[in-house]
Protein chains: 2
Amino acid sequence: MARPAHTAPRTTGSTASTGADVGTGGLRERKKRATHQALQRAAVSLFRERGPNAVTVEDICAHAEVSPRTFFNYFTSKEEVLVPWDQETITNTPERVLARPDAEEPLRTAQAVLGEAMNTAMSGSTWRDQAVILRENPELIERVVTAFRAMESSLVEGLARKTGTSCEDPYVRLVGATAITALRVSVQAWQESESDSSLHEYMDEAFERLHRGLRPNEQ
Amino acid sequence: MARPAHTAPRTTGSTASTGADVGTGGLRERKKRATHQALQRAAVSLFRERGPNAVTVEDICAHAEVSPRTFFNYFTSKEEVLVPWDQETITNTPERVLARPDAEEPLRTAQAVLGEAMNTAMSGSTWRDQAVILRENPELIERVVTAFRAMESSLVEGLARKTGTSCEDPYVRLVGATAITALRVSVQAWQESESDSSLHEYMDEAFERLHRGLRPNEQ
DNA sequence: TGCATTTTTGCAGTGCCTGCACGAAAAGTG
DNA sequence: CACTTTTCGTGCAGGCACTGCAAAAATGCA
């Protein structure tokens, strides 16, 4: 049930984005990135082939050519390979919130910051497949939500600092939680639409509705 | 990971509320209710004593005096004992949505129906303890959210029928998801406040903010 | 009482996930 | 280049959640 902090190889500085910055850091850094990526690629690939239920951690590690034990040095659970954001993006969030204009309404700020975050996520090499897996196995969203919650906290922290209140402030919390929810709904709608339209269009629509107090469309 | 339907004893009609209707139905019905309740009580009680991590299914069953196997005839997971709603409440939801005035805005409808649902939940004998457990172990909320998702679906279905659209309609989905989120935030705030004020006050505040487009308090 | 149905239980098994301790690879040091 | 220190990969041993299956017990009904 509860997942305590694991003994993951610490991320010593520098970006940990999957795609970029490949040559940065020492040998160690590079190897860690390689292992992480290998595991993620293997997992996502197998998940798509057979469906997540039919893939064991052992399978993943066989493909990634590491010991099964190693998997849990990088991910706390089997499903964590599906989270769209890296740690960097999450920890960055408060700063990015503070970087927004002072006069901006919190909901708008959240919209903008989450938009940026999704851009980062979508530039990852496995995003497409991840999206397909989540569409075909909606149950998994529950598990992935843990990562969303981390983002929510980060968002709330930023908003709290920006508005000069605390993270426990009900208003700030509500904005954070609602924004994440809007994101979730948008991603889902976007995935189901097999669409040519971009995720951002769905996000804009959702946030616009929120901003209008969720009133029904006057037509 | 994914939790397929389990082989639970079928709930043949009649309410399954923990407290009320104790004498209804045949011996079988009563015994089933008794077992369910015994398991839930035992689990909640042990969770409070030792913390959920230190309680095994075996422990729970020992206290409830049933076989460990039986636990999973009633609950699909260890944490399911913590969900605040019974199946009845969830399946009822679409009807209750339709019973609301035609002119009412969807967000208001959601607020009203969730309010009723929480009243039912709070009348359960284990609610107080459940609330404490969730407060002390916020990680568990993630798991319990599964049940919230079921409620969300039910809510969306009702709203869709009420407004003459489909369950896939983005607006209806957004309202449902947002309402559940507001509920979650409200419950959390209420729990943390050690308060004399009622949950409904927190819910009203949250929904009012939503209705106003999450704009910051003009002061 | 005898038969059909439902629920409980034991058993055996799969697989996630953990702590621990050891060896190897890499980094820092002189 | 040796020498120490840190970090990472790995094997092992084990706990525990959860599942399907089939026998056994309990209940409902004629």
Side-chain angles (χ1 to χ4, degrees), chain A residues 1-14 16 24-39 43 46-47 50-62 64-82 139-140 143 146, chain B residues 1-14 16 24-39 43 46-47 50-62 64-82 139-140 143 146:
Chain A
M1 55 203 310
R3 303 201 196 286
H6 57 149
T7 334
R10 8 227 148 296
T11 304
T12 18
S14 87
T24 314
L27 216 189
R28 221 152 221 170
E29 285 297 316
R30 270 178 283 140
K31 277 202 166 185
K32 265 193 327 192
R33 263 198 296 273
T35 308
H36 182 98
Q37 190 171 349
L39 281 170
L46 288 175
F47 280 8
R50 313 178 197 166
N53 296 331
V55 177
T56 70
V57 172
E58 216 174 346
D59 295 335
I60 299 171
C61 293
E65 296 183 300
V66 287
S67 149
R69 185 62 183 83
T70 300
F71 182 89
F72 295 101
N73 288 341
Y74 285 88
F75 303 94
T76 58
S77 79
K78 196 174 120 186
E79 299 86 358
E80 197 176 301
V81 302
L82 294 175
E139 338 86 60
L140 289 188
R143 300 297 190 108
T146 305
Chain B
M1 56 202 307
R3 304 203 195 283
H6 58 149
T7 332
R10 9 227 151 297
T11 304
T12 20
S14 90
T24 314
L27 216 190
R28 222 152 221 169
E29 286 296 315
R30 268 178 285 139
K31 278 207 163 184
K32 264 193 329 192
R33 263 197 295 274
T35 308
H36 182 98
Q37 191 171 347
L39 281 170
L46 289 175
F47 279 9
R50 313 178 198 167
N53 296 331
V55 177
T56 71
V57 171
E58 217 174 345
D59 295 334
I60 299 170
C61 293
E65 296 183 299
V66 289
S67 150
R69 186 63 184 82
T70 300
F71 181 90
F72 295 102
N73 289 341
Y74 286 88
F75 303 93
T76 58
S77 79
K78 198 174 118 185
E79 299 87 356
E80 197 175 303
V81 301
L82 295 175
E139 340 85 60
L140 288 188
R143 300 297 192 108
T146 304

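The figures here come from the full heavy-atom set of this structure, side chains too, leaving out hydrogens, waters and symmetry mates. To find a chain, count down the sequence lines: A is the first, B the second, and so on, and within it residues start at 1. Note that the structure is a prediction, hence the values are computed from the model and not measured.
Here His36(A) contributes atom NE2 and Phe75(A) contributes atom CZ; the two are 4.0 Å apart, rounded to the nearest 0.5 Å. Summarising the geometry, atom CG belonging to Leu82(A) is positioned 5.5 Å from atom CZ belonging to Phe47(A); distances are rounded to the nearest 0.5 Å. Going from atom CG of Leu39(A) over to atom CZ of Phe71(A) covers 6.5 Å, rounded to the nearest 0.5 Å.
Between Arg33(A) and Glu29(A) there is a side-chain heavy-atom pair separated by less than 4.5 Å.
Listed for the Thr70(A) side chain is no donor-acceptor partner under 3.5 Å among the backbone atoms of Val66(A). A distance-only check finds a donor-acceptor pair linking the side chain of Lys78(A) to the backbone of Val55(A) [under 3.5 Å].
Of the residues near DNA chain D, Thr70(A) and Thr56(B), the one whose nearest nucleotide (by heavy atom distance) lies more toward the 5' end is Thr70(A).
The CD-P distance, from Glu58(B) to dG14(D), rounds to 17 Å in whole Å. Nucleotide dA26(D) holds its P atom 17 Å from the CZ atom of Arg30(B), rounded to whole Å. Following rounding to the nearest Å, Phe72(B) (CZ) and dT7(C) (C1') show an atom-to-atom distance of 17 Å. Atom CD of Glu80(A) is separated from atom P of dC17(C) by 10 Å (rounded to the nearest Å). In this structure, Phe71(B) atom CZ and dG10(C) atom P are separated by 16 Å, rounded to whole Å. Glu79(A) places its CD atom 12 Å from the C1' atom of dC17(C), with the value rounded to the nearest Å. Separating the CZ atom of Arg50(A) from the P atom of dG15(C) is a distance of 11 Å, rounded to the nearest angstrom. In this structure, CG of Asn73(B) is placed 14 Å from C1' of dA25(D), rounded to the nearest angstrom.
Taking only side-chain nitrogens and oxygens, Thr35(A) comes nearer than 4.0 Å to OP1 or OP2 of dG9(D).
In the model, Glu79(B) has a side-chain atom that pairs as donor or acceptor with a side-chain atom of Ser77(B) under 3.5 Å.
Which of dC16(C), dG9(D), dT9(C) sits closest to the side chain of Lys78(A) comes down to dC16(C). Proximity note for Tyr74(A) (side chain, C-beta onward) versus dG11(D), dC17(C), dC8(D): the nearest is dC8(D). Here the nucleotide nearest the side chain of Val57(A), chosen from dC16(C), dC18(D), dT9(C), is dC16(C). Here the side chain of Arg69(A) is nearest to one of dT10(D), dC17(C), dT9(C), namely dT10(D).
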Distances for protein N/O vs nucleotides 27-30 of chain D N/O pairs under 3.5 angstrom?
{"from": "dT27(D)", "atom 1": "OP1", "to": "Lys31(B)", "atom 2": "NZ", "distance (Å)": "2.3"}
{"from": "dT27(D)", "atom 1": "O2", "to": "Arg28(B)", "atom 2": "NH1", "distance (Å)": "3.4"}
{"from": "dT27(D)", "atom 1": "O2", "to": "Arg28(B)", "atom 2": "NH2", "distance (Å)": "3.2"}
{"from": "dG28(D)", "atom 1": "OP1", "to": "Leu27(B)", "atom 2": "N", "distance (Å)": "2.8"}
{"from": "dG28(D)", "atom 1": "OP1", "to": "Arg28(B)", "atom 2": "N", "distance (Å)": "3.1"}

